[in-house]
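Note sheet for the following structure.
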Amino acid sequence: MADESISGNLKDLCLNRNGVASNNSHLVVCFGEMLIDFIPTVGGVSLAEAPSFEKAPGGAPANVAVCVSKLGGSSAFIGKVGDDEFGRMLADILKQHNVDNSGMRFDHDARTALAFVTLTAEGEREFVFFRNPSADMLLRESELDVNLIKKATIFHYGSISLIDEPCRSTHLAAMDIAKRSGSILSYDPNLRLPLWPSEDAARSGIMSVWNLADIIKISEDEISFLTGADDPNDDEVVLKRLFHPNLKLLLVTEGSAGCRYYTKEFKGRVSSIKVKAVDTTGAGDAFTGGILKCLASDTTLYQDEKRLREAIFFANVCAALTVTGRGGIPSLPTQDAVQRTLTEVAT
């Protein structure tokens, strides 16, 4: 049994007991890439050895938007896809999951991005991307849905949209609009080194917006990459190198072990539940979606350590359930699935 439980009050925040999605006053707007993942039908093989592939919708910001919605929250996605069958399919998938896709744009010249994802025997991933350039890289500031951004309780983004122009400038403009509108800025760097020109460019690009975020979620590997430290578990390294003065909450995901958290007032670790991992694609996004669903309903949640720990455990469960299926969006849990698991853990 895990070390946390979900109180009645937090169930009202993280799980909507009436099954109705939250209203727009709790809106999570996700900005960035949406693409098609091609995943081998068998694990533990190289791309060349894979007998066949299954296609699945993906892209970290889009995964987070869908996760929030599947958990009963209110979410929207802003990004660009190709005016092709894959792009239209992705827009339809968002609509099917009750994600507001009015901020999506369609490029008539560039294609929707594709990613081939290899799975090791443990379900870990390696990526090969096809985006030279893809539509997501070409979103322009003039194409932003400014009114939608202004409605965001939380504005969430990654770093892939910071790699190339014109999307980088568009990303920065969207962050500025959100910040001026009172939104909480949520950042998951989601490091994908093959997409950056170099390691130095990746490190510099990721850190270029670091001090603007209110909430940051990173992995242990990303700590090592960003700080050059040998031990990502060293709290001193995390606090001195990564916790900036305006940061409200820093979350460090540890895979099956759970998550560490840091605020100005306290720090700690919350364990997860044990599951059989099939595919880790989307696990971090499920965690992020889970925690943002809770925070959108109570934006001061991070100030109360007990309630924060409960929300993190809820997010850990979301991530754990996701790795039991294949592909990002298809394996994201529903609020009913999370509720059943929480009930089983409690007993």
Side-chain angles (χ1 to χ4, degrees), residues 13-14 16 20-34 59-81 91 94-95 97-105 136 139-162 167-190 209-217 246-251 285-303 311 315 318 332:
L13 294 176
C14 297
N16 300 323
V20 177
S22 302
N23 59 43
N24 280 340
S25 65
H26 300 153
L27 181 65
V28 178
V29 174
C30 300
F31 176 95
E33 71 280 0
M34 190 174 191
N63 289 346
V64 172
V66 172
C67 184
V68 170
S69 182
K70 290 182 77 170
L71 294 172
S74 178
S75 66
F77 174 76
I78 293 176
K80 200 172 195 181
V81 293
L94 291 180
K95 187 175 181 180
H97 287 97
N98 298 314
V99 176
D100 183 342
N101 67 0
S102 62
M104 288 187 78
R105 301 293 179 259
D136 60 287
L139 183 67
R140 298 184 180 279
E141 185 176 348
S142 61
E143 296 175 303
L144 285 175
D145 188 332
V146 174
N147 289 330
L148 181 58
I149 296 172
K150 288 180 176 180
K151 294 176 184 176
T153 298
I154 298 175
F155 184 76
H156 176 73
Y157 49 89
S159 70
I160 290 175
S161 46
L162 294 168
C167 192
R168 174 180 167 80
S169 293
T170 306
H171 179 141
L172 296 176
M175 285 177 59
D176 184 63
I177 294 167
K179 193 70 170 180
R180 290 173 182 272
S181 301
S183 304
I184 293 172
L185 299 189
S186 166
Y187 185 25
D188 176 3
N190 194 38
V209 296
W210 194 266
N211 291 345
L212 299 174
D214 299 299
I215 299 167
I216 297 175
K217 178 242 135 184
N246 298 319
L247 192 60
K248 295 179 173 66
L249 176 63
L250 176 63
L251 298 163
D285 304 327
F287 174 90
T288 302
I291 199 73
L292 294 186
K293 166 62 170 61
C294 299
L295 281 163
S297 299
D298 181 0
T299 57
T300 63
L301 184 65
Y302 63 90
Q303 296 175 356
C318 292
L332 295 171

> Which residues pass the side-chain hydrogen bond (donor to acceptor under 3.5 Å, both in side chains) test with N101, sequence neighbours left out?
Replying inline: none

>> Once side chain to side chain contact (heavy atoms under 4.5 Å, CB included) is applied, do any residues pair with A213, and if so which ones, sequence neighbours excluded?
In response: Y157, Y187, I216

> How many angstroms lie between atom CG of L301 and atom SG of C294, to the nearest 0.5 angstrom?
Replying inline: 6.5 Å

> Is R140 atom CZ crowded by more than 12 heavy atoms from other residues, nucleotides or ligands, each under 6.0 Å away?
Replying inline: no

> Among all residues two or more places apart in sequence or in another chain, which pass the side-chain hydrogen bond (donor to acceptor under 3.5 Å, both in side chains) test with S169?
Replying inline: E165

> What pair of heavy atoms forms the shortest contact from L332 to C67, and how long is it?
Replying inline: CD1-N, 3.8 Å

> Once you round to the nearest 0.5 Å, how far does NE2 of H26 lie from OG of S297?
Replying inline: 5.0 Å

>> My understanding is that only residues two or more places apart in sequence, or in another chain, count here; which of them pass salt bridge (charged side-chain N to carboxylate O under 4.0 Å, His left out) with E141?
In response: none

> Tell me, do W210 and P189 make a side-chain contact under 4.5 Å, heavy atoms counted?
Replying inline: yes

> Are the side chains of K217 and I291 in touch, meaning some heavy atoms are under 4.5 Å apart?
Replying inline: no

> For A76, what residues pass the side chain to side chain contact (heavy atoms under 4.5 Å, CB included) criterion, not counting sequence neighbours?
Replying inline: L27, V29, D100, L148

> Less than 4.5 Å apart, any side-chain heavy atom of T170 and any of E143?
Replying inline: no

> Looking at residues at least two apart in the chain, or sitting in another chain, which of them share a salt bridge (charged side-chain N to carboxylate O under 4.0 Å, His left out) with K179?
Replying inline: D214

> Considering all heavy atoms of both residues, which atom of G32 and which atom of F77 are nearest to each other, and what is their separation?
Replying inline: O-CZ, 3.3 Å

> Taking the side chain as C-beta and beyond, is there a heavy-atom pair between I184 and K248 under 4.5 Å?
Replying inline: no

>> Just to verify, what does Y302 make a ring pair (Phe, Tyr, Trp, His ring centres under 6.0 Å) with, not counting sequence neighbours?
In response: none

>> On a heavy-atom basis, which atom in D188 and which in H156 lie closest, and how many Å separate them?
In response: CB-CE1, 3.8 Å

>> As an exercise, state the distance from CG of L144 to CD1 of I177, rounded to the nearest 0.5 Å.
In response: 5.5 Å

>> Please find the pair of heavy atoms, one from G103 and one from D145, that lie closest to each other, and give the distance.
In response: CA-CB, 4.2 Å

> Any side-chain heavy atom of V99 within less than 4.5 Å of one from V68?
Replying inline: no

> Can you tell me how far CG of L185 sits from CG of D176, rounded to the nearest 0.5 angstrom?
Replying inline: 9.5 Å

> Can you name the side-chain hydrogen bond (donor to acceptor under 3.5 Å, both in side chains) partners of K150, sequence neighbours left out?
Replying inline: none

> Listed by chain and number, what are the salt bridge (charged side-chain N to carboxylate O under 4.0 Å, His left out) partners of K70, not counting sequence neighbours?
Replying inline: none

> L139 pairs by side-chain contact (heavy atoms from CB on, under 4.5 Å) with which of M104, E33, R105?
Replying inline: R105

> What distance separates D285 CG from C30 SG, expressed to the nearest 0.5 Å?
Replying inline: 9.5 Å

> For Q303, which residues count as a side chain to side chain contact (heavy atoms under 4.5 Å, CB included) partner, sequence neighbours excluded?
Replying inline: T300

>> To check you understand the geometry: which heavy-atom pair defines the closest contact between I149 and S183, and what is its length?
In response: O-OG, 4.0 Å

> C318: what forms a side chain to side chain contact (heavy atoms under 4.5 Å, CB included) with it, not counting sequence neighbours?
Replying inline: L71, A286, F314, P333, V338

> Looking at residues at least two apart in the chain, or sitting in another chain, which of them share a side-chain hydrogen bond (donor to acceptor under 3.5 Å, both in side chains) with S161?
Replying inline: H171

> Which heavy atom of A65 sits nearest a heavy atom of S75, and at what distance?
Replying inline: O-OG, 2.6 Å

